[in-house]
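What follows is a single structure, written as C-alpha cells, with notes after it.
Source: prediction; values computed, not measured. Lettering of chains follows the sequences in order, A, B, ..., and the numbering in each one begins at 1.
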There are 2 protein chains.
Amino acid sequence: MTASPGSASPARYDEIDPRVEALVQDLIAQVADKWTMILIEVLHDHGEQRFTRIAQKVPDISQKMLTQTLRRMERNGLVCRTVHPVVPPRVDYRLTALGESLGEAFCGVWEWAQAHLDTVETARQGFDGRKADA
Amino acid sequence: MTASPGSASPARYDEIDPRVEALVQDLIAQVADKWTMILIEVLHDHGEQRFTRIAQKVPDISQKMLTQTLRRMERNGLVCRTVHPVVPPRVDYRLTALGESLGEAFCGVWEWAQAHLDTVETARQGFDGRKADA
DNA sequence: CTGGATCCCAACCGATACTG
DNA sequence: CAGTATCGGTTGGGATCCAG
C-alpha cells in the first residue's frame, strides 16, 4: 500500500486522483493480459462457445489458465457463463456488451502494434547494433 | 515455440497470419506492461526528464525496474536517451514520436477502464455475492 | 548521479491427478 | 465435460551493494 493518508502527495504521475489512478491501473492489470485479449478475440469472432471449443481454438493455453482467465473475465463482467444442467456437463461462454466494448478499446493498441511492427524492429536492430560495436 | 511446421492449422485465433499474430502479441507483451504505461504518461506530461526526476514522480517503482523499463523502451524506440558527458553523470529521457503514438493508442484502454470502473465493480460484487450464498 | 550485479522472495504458469 | 487441487519450474521484481 502506498496509501499516505492525509499527507499531500506533491506531484503524482498525473493530475489525476491517486485513488482512481490506482483503481484504473488495477483494472487494466486484470484486463490487459495476453490471454484475456486472445479470449476476447475468440469470443468476439465466433460468438458463444463451450469450454472445450475455446480450448481447441487456443491450443497454447493450458486448461488451468483458460479456467482462470474465464473466471476473472466473468467476475469483471466481461463474459457471461451459462451452465446447462445436463448429464455431460456443458458450459457456454459469451462476451457481454462490456466485453465487446473492451475489445474495441484494445483495437487501438492492437493496430498500433501491427502498424509499427517494422519500425520497432528497426529500432531494436539499431539499438542492438549500437551495443555490439565495442 | 508453437510452430507446427507444415501442418495446416485449421482455425487460428483469427484469420490472421499466425507469424504476424505472434510478433504482435510479443510486441504488445513488451509494451503493454504496467511500468511502461506509467512512464509513457509521465514523459508525455512532463517532457524530457532525467533519471532521478522520473524516479521521484513514480515513488513505487524500484530503481531496478525503472532502469529495466527505460532500457526496453529505448530498445523498442519508444524513448530517446541522451547522455551528457558531465562529471556528475546526467541522462535525459524523452518520448519519441513512436512513444507518443503508443500513448495515444493506450488512451482507449485507459478511458475504457475509467469509464467502466463502477460497472466492473458492480459485476464483481454480484459475482462475489453469488459465490457467497451457499 | 546513473545504473550494473547480486541475492532472494513471491507470483505466475504448466503438468498432472483427482472429483462431480 | 468441466472443473479443482497440488507440485515444481520459471520469471518478475524488490533490496542492497558496488562501480564509473
Expressed as a whole number of angstroms, how long is the span from A/Gln49:CD to D/dC1:C1'? 15 Å
Using 4.0 Å as the upper bound for N to carboxylate O, is an ion pair formed by A/Arg130 and A/Asp128? no
Considering only heavy side-chain atoms of A/Pro88, the closest of D/dC1, D/dG14, D/dT4 is D/dC1
Set out, in order, the CA-CA distance, both residues' side-chain angles and the distance that settles side-chain contact (heavy atoms from CB on, under 4.5 Å) for B/Ile38 and B/Thr69, then state yes or no. CA-CA 10 Å; B/Ile38 294 180; B/Thr69 307; over 6 Å; no
Under 4.0 Å from OP1 or OP2 of C/dG3: is there any side-chain N or O of B/Thr67 that close? no
CA sep, side-chain torsions, deciding dist, call: A/Glu48, A/Tyr93, side-chain contact (heavy atoms from CB on, under 4.5 Å): CA-CA 5 Å; A/Glu48 192 164 43; A/Tyr93 293 90; over 6 Å; no
Taking OP1 and OP2 of D/dC1, is either one under 4.0 Å from a side-chain nitrogen or oxygen of A/Tyr93? no
Of A/Arg90 and A/Lys64, the one whose closest DNA chain D nucleotide lies more 5': A/Arg90
Quick one: A/Lys34 NZ to C/dC12 P, roughly how many Å, whole number? 16 Å
Whole angstrom is fine here: how far is it from CZ in A/Arg72 over to P in D/dT4? 14 Å
Return yes when atom CZ of A/Arg81 has more than 12 non-hydrogen atoms of other residues, nucleotides or ligands closer than 6.0 Å, and no otherwise. yes
If you check the B/Arg71 side chain, which of C/dG3, D/dG3, D/dA15 turns out closest? C/dG3
note: A/Met65, atom CE; C/dA11, atom P; distance rounded to Å ~ 14 Å
Tell me if the side-chain of B/Gln63 makes a donor-acceptor pair with the base of D/dG14, cut-off 3.5 Å, by modelled atom types. no
Rounded to the Å, how far apart are B/Leu66 CG and D/dG12 P? 17 Å
Using a heavy-atom cut-off of under 4.0 Å over every strand shown, decide if B/Arg53 touches base, sugar-phosphate, or nothing. nothing
Grab the CD1-C1' distance between A/Ile54 and D/dC1 for me, whole Å please. 13 Å
Given 3.5 Å as the limit, does a donor-acceptor pair link the side chain of A/Asp33 with the main chain of A/Trp35, or not? yes
Taking D/dG20, D/dT4, C/dG3 as options, the one with an atom nearest any side-chain atom of B/Pro89 is D/dG20
Side chain of B/Val91: nearest nucleotide among C/dG14, C/dG3, D/dG3? C/dG3
Expressed in angstrom and rounded to an integer, what is the separation of A/Ile61 atom CD1 from C/dC13 atom P? 10 Å
Quick one: B/Arg50 CZ to C/dC1 C1', roughly how many Å, whole number? 7 Å
Taking for each residue the nucleotide of DNA chain C with the nearest heavy atom, is it A/Val87 or B/Val83 whose nucleotide lies nearer the 5' end? B/Val83
